[in-house]
Amino acid sequence: MTDQTAHSIWEAVLGDLQLQVPRPSFETWLKGTSGLSLSKERFVVSTPSAFVAEMLEQRMYSLINQTIERTLGTKVELSFKVLSPDGPTMGEANERSHTGKVLNSHDRNISDSSPARLNPKYVFGKFIVGKSNDLAHAASQAVGEGPGTTYNPLFIYSGVGLGKTHLLHAIGHELRSKGISPIYATAEEFTNEYISAIREGKAEEFRSRYRSAQALLLDDVQFIIGKEQTQEGFFHTFNALHMAGRQIVITSDRPAGALSLLEDRVRSRLAGGLVVDIQPPDLETRLAILRTKAEEIGMAVPQEVLQYLAERVHSNIRELEGGLNRLNAYAQLSDRAVTMDLVKGAIADILHSARPRRVSDQQVLDAVCNYFTIDENTLKGRRRDKPTALARQIAMYLMREEANMPLTAIGRFLGGKDHTTVMHACQRIGDQIAIDSHIRREVHNLREALLAPH
Ligand code: ADP
Ligand code: MG
């Protein structure tokens with residue numbers, strides 16, 4: 001049924017995959033595919049040949065499946081059906097189902113995949129501007145129009161799912177339309193590439209490639225924190241580009257001042273440009289976003305339904321989109337129109353899937369240590385200086401709230417602390433969240449990082 005839904009969902013999935021898969025692989029394997037049909041159990045994707053179907057199954061099945069899950073918010077079984085490019089289906093015999101093969105991690109090489117890795121949907125024209133993001137938007141536009149001349153570097157930060165990557169890509173598109181080719185990379189890719197360049201004795205190539213960039217767009221720079229060697233590499237690249245007047249745009253999920261481990265010299269240059277943040281969107285903006293996205297996927301949704309959804313999903317825009325996609329799928333699958341009744345019946349599903357999973361104690365610990373750049377032993381230890389104590393208390397709070405752990409188990413997990421200590425920490429952080437916007441933001445960011453699909 002519902003070919004249109006399958007089609008638009010697969011388009012969204014492809015947009016996402018394009019960012020995850022090296023360009024040559026994307027072009028070869030994914031480009032000619034399309035969404036055929038979607039039912040409760042199964043999502044069928046068409047491929048132009050049996051060979052492509054086989055490759056996708058063997059090499060990319062779990063990646064694709066995860067991406068679908070993230071887009072749709074539910075589990076479905078993925079299968080491929082061979083359709084010759086302009087002919088009819090070659091028959092049921094060609095429909096394949098997954099056989100449980102494990103994905104091989106494929107080489108990532110961003111050098112030749114940079115341009116394609118700009119998501120075509122992330123353009124300024126599709127960015128809804130509201131009070132929460134207008135500064136970041138204006139600064140990004142200024143940089144797109146006059147790279148290297150206005151704000152350099154431009155530094156954008158916010159919690160997850162609030163539009164950093166979207167703006168960064170929009171700048172990239174704008175630059176490319178002016179004939180300037182930026183290098184776009186996530187800090188994770190930058191790191192991987194840097195490390196393997198060094199390992200393979202190709203450090204010089206790495207350097208000259210980055211240093212000849214006409215502009216550098218680096219996403220999620222927080223990933224580099226604490227990786228000393230990469231920080232060093234980043235600093236030199238940054239410095240060379242900055243001296244040459246090339247535009248640099250950096251995003252992060254935490255404020256510049258909190259990039260505690262980026263060396264001072266980098267930090268002072270970061271502060272020399274412009275730092276803008278994006279706040280969670282207000283109701284009005286959420287409504288505008290929902291309305292636009294609904295139109296985009298050709299979904300007729302009454303105003304009151306949009307309002308209802310906007311009031312209930314407020315943490316971030318990715319979840320807002322996810323909620324709408326799920327609602328769409330739900331309506332299609334149950335063959336009903338999108339009405340208040342339908343939404344009220346499905347709201348638990350819609351909201352529930354937006355919060356994908358409970359997290360484990362270790363995940364909380366990793367996230368907190370990573371966020372505050374504290375090592376695990378210190379956090380589990382006895383140190384009581386202010387930053388360590390705060391990080392520890394936040395870890396306790398999140399283990400309680402997000403991992404649902406008993407107080408005693410939390411105490412045990414964190415190096416044998418007494419359960420009353422844990423209780424006190426949970427109460428204290430709970431109180432602080434109510435009165436201290438700084439702590440509220442830290443906890444919000446951590447929670448988002450924990451619950452975001454990876
Ligand atoms: P971040 O990088 O901050 O985690 P993204 O840029 O990936 O967030 O945004 C998450 C999703 O929300 C993307 O699909 C993006 O297109 C969408 N989005 C974010 N902000 C806006 C906006 N202001 N208008 C329209 N869509 C937005
Ligand atoms: Mg991002």
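We're numbering straight along the sequence, starting at 1. Values reported hereafter were calculated over all heavy atoms of this structure, with side chains retained and with hydrogens, waters and symmetry mates removed. Everything quoted here is computed from the prediction, not taken from an experiment. Remember, it's 1-based here, ligands and their atoms both numbered in the order they're listed.
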Minimum heavy-atom separation for [X] and [Y], please, with both atom names.
X    : Y    : answer
A294 : L324 : N-CD2, 3.5 Å
I278 : G163 : CD1-C, 4.0 Å
H242 : N152 : NE2-O, 3.1 Å

Distance from [atom] to nearest protein heavy atom, with residue and atom:
atom                    : value
atom 9 (O) of ligand 1  : G163 N, 3.6 Å
atom 13 (C) of ligand 1 : Y122 OH, 3.5 Å
atom 26 (N) of ligand 1 : K293 NZ, 3.2 Å
atom 6 (O) of ligand 1  : H166 N, 2.8 Å
atom 24 (N) of ligand 1 : I128 N, 2.8 Å
atom 7 (O) of ligand 1  : R318 NH2, 2.8 Å
atom 25 (C) of ligand 1 : K126 O, 3.3 Å
atom 12 (O) of ligand 1 : I317 CG2, 3.2 Å

Give the atom numbers and elements of ligand 1 that come within less than 4.0 Å of a heavy atom of [X].
X    : answer
F127 : 20 (N), 21 (C), 22 (C), 23 (N), 24 (N)
V160 : 4 (O)
N133 : 23 (N)

What I want to know is whether L162 and ligand 1 share at least one N or O pair that is separated by under 3.5 angstrom. yes
Any side-chain donor near an acceptor of the partner, [X] and [Y], under 3.5 Å:
X    : Y    : value
N65  : S62  : no
D220 : T186 : no
Q362 : D366 : yes
D277 : S158 : no

Give every protein N, O or S atom lying under 2.8 Å from the Mg ion (ligand 2), naming each by residue and atom. T165 OG1
Side chain, backbone, both or neither: which part of K121 has a heavy atom under 4.0 Å from ligand 1? neither
Does atom NZ (K178) have a neighbourhood of more than 12 heavy atoms from anything else shown, all under 6.0 Å? yes
Would one find more than 12 heavy atoms of other residues, nucleotides or ligands at under 6.0 Å from atom OH of Y151? no
Judged by heavy atoms only, the candidate from G161, A288, A12 nearest atom 4 (O) of ligand 1 is G161
Considering E321, K164, H137 one by one, which has a heavy atom nearer to atom 3 (O) of ligand 1 than any of the others? K164
Restricting to ring-ring contact (aromatic ring centres under 6.0 Å, His included), what partner residues turn up for Y194, sequence neighbours left out? F206
Is K121 paired with E296 through a side-chain N to carboxylate O contact shorter than 4.0 Å? no
One pair to check against ring pair (Phe, Tyr, Trp, His ring centres under 6.0 Å): F124 and H137. What are the steps and the verdict? CA-CA 8 Å; F124 283 124; H137 174 258; 5.8 Å; yes
So do the side chains of M340 and P302 get within less than 4.5 Å of each other, counting heavy atoms only? no
V143 side chain near T150 side chain, heavy-atom distance below 4.5 Å: yes
Contact check, H169 vs ligand 1, heavy-atom distance below 4.0 Å: no
